[in-house]
> 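Provided herewith is a single structure, encoded as structure tokens, for subsequent inquiry.
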Amino acid sequence: DEDYKSISDLIQPLLTEYPNHTGLRIAEAKSLVKQGKLDSALYKIKNLSQKLDEPADLLWMLGEIYFTKKQYENALIAV
């Protein structure tokens, strides 16, 4: 758990400098999932997905997050 918090700490300055960097945003969301902050990760991935015209890999991540939250209908819709 501490490793994922430190990842977030490392990513934050980079996100400040490169706010539109897709890879950093995905890494941030994955870190949030690992920390159990599913709602925050869901918000970030949904916004990123909409900005990028819903690429398949982000939709898959959305589905995984919804599934983890036991929102199975939303998971099916996402993928």
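Computed from heavy atoms alone, side chains included, the values below leave out hydrogens, waters and symmetry copies.
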> Tell me whether Leu32 shares a hydrophobic cluster with Ile45, the cluster being built from Ile, Leu, Val, Met, Phe, Trp, Tyr side chains joined at under 4.5 Å.
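Unlinked, Leu32 and Ile45 end up in two clusters.
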> Quick check on the 6.0 Å ring-centre criterion: do Phe67 and Tyr72 meet it?
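For Phe67 and Tyr72, the ring centres are under 6.0 Å apart.
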> A side-chain contact here means heavy atoms from C-beta on lying under 4.5 Å apart; do Met61 and Val33 qualify?
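No. Closest side-chain heavy atoms not under 4.5 Å.
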> Under a single-linkage definition using a 4.5 Å side-chain heavy-atom cutoff for Ile, Leu, Val, Met, Phe, Trp and Tyr, are Leu59 and Leu52 assigned to the same hydrophobic cluster?
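The answer is yes; both residues are in one hydrophobic cluster.
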> Distance check, rounded to the nearest 0.5 Å: Asn74 atom CG versus Leu62 atom CG?
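Reported to 0.5 Å precision, the distance equals 9.5 Å.
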> Linking I/L/V/M/F/W/Y whenever any side-chain heavy atoms sit under 4.5 Å apart, do Leu38 and Tyr66 land together?
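Per the 4.5 Å side-chain linkage, Leu38 and Tyr66 are co-clustered.
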> Can you tell me how far NE2 of His21 sits from CD of Glu28, rounded to the nearest 0.5 angstrom?
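Reported to 0.5 Å precision, the distance equals 13.0 Å.
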> Please find the pair of heavy atoms, one from Gly63 and one from Ala78, that lie closest to each other, and give the distance.
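Shortest heavy-atom separation between Gly63 and Ala78 comes out as N-CB, 3.8 Å.
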> Can you tell me how far apart CD (Gln35) and NZ (Lys30) are? Round to the nearest 0.5 Å.
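It comes to 14.5 Å.
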> Classify the side-chain pair Thr68/Glu64 by whether it contains a donor and acceptor separated by less than 3.5 Å.
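No, no side-chain donor-acceptor contact under 3.5 Å.
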> So how far is it from Ile65 CD1 to Asp39 CG, rounded to the nearest 0.5 Å?
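Going from CD1 on Ile65 over to CG on Asp39, the span is 9.5 Å.
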> CG/Leu42 to OG/Ser49 distance, rounded to the nearest 0.5 angstrom?
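These two atoms lie 10.5 Å from each other.
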> Quick check: are there more than 12 heavy atoms from other residues, nucleotides or ligands sitting under 6.0 Å from NZ of Lys69?
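Counting other residues, nucleotides and ligands, NZ of Lys69 exceeds 12 neighbours.
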> To the nearest 0.5 Å, what is the distance between CG (Leu58) and CD (Gln50)?
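Leu58 CG to Gln50 CD: 11.0 Å, rounded to 0.5 Å.
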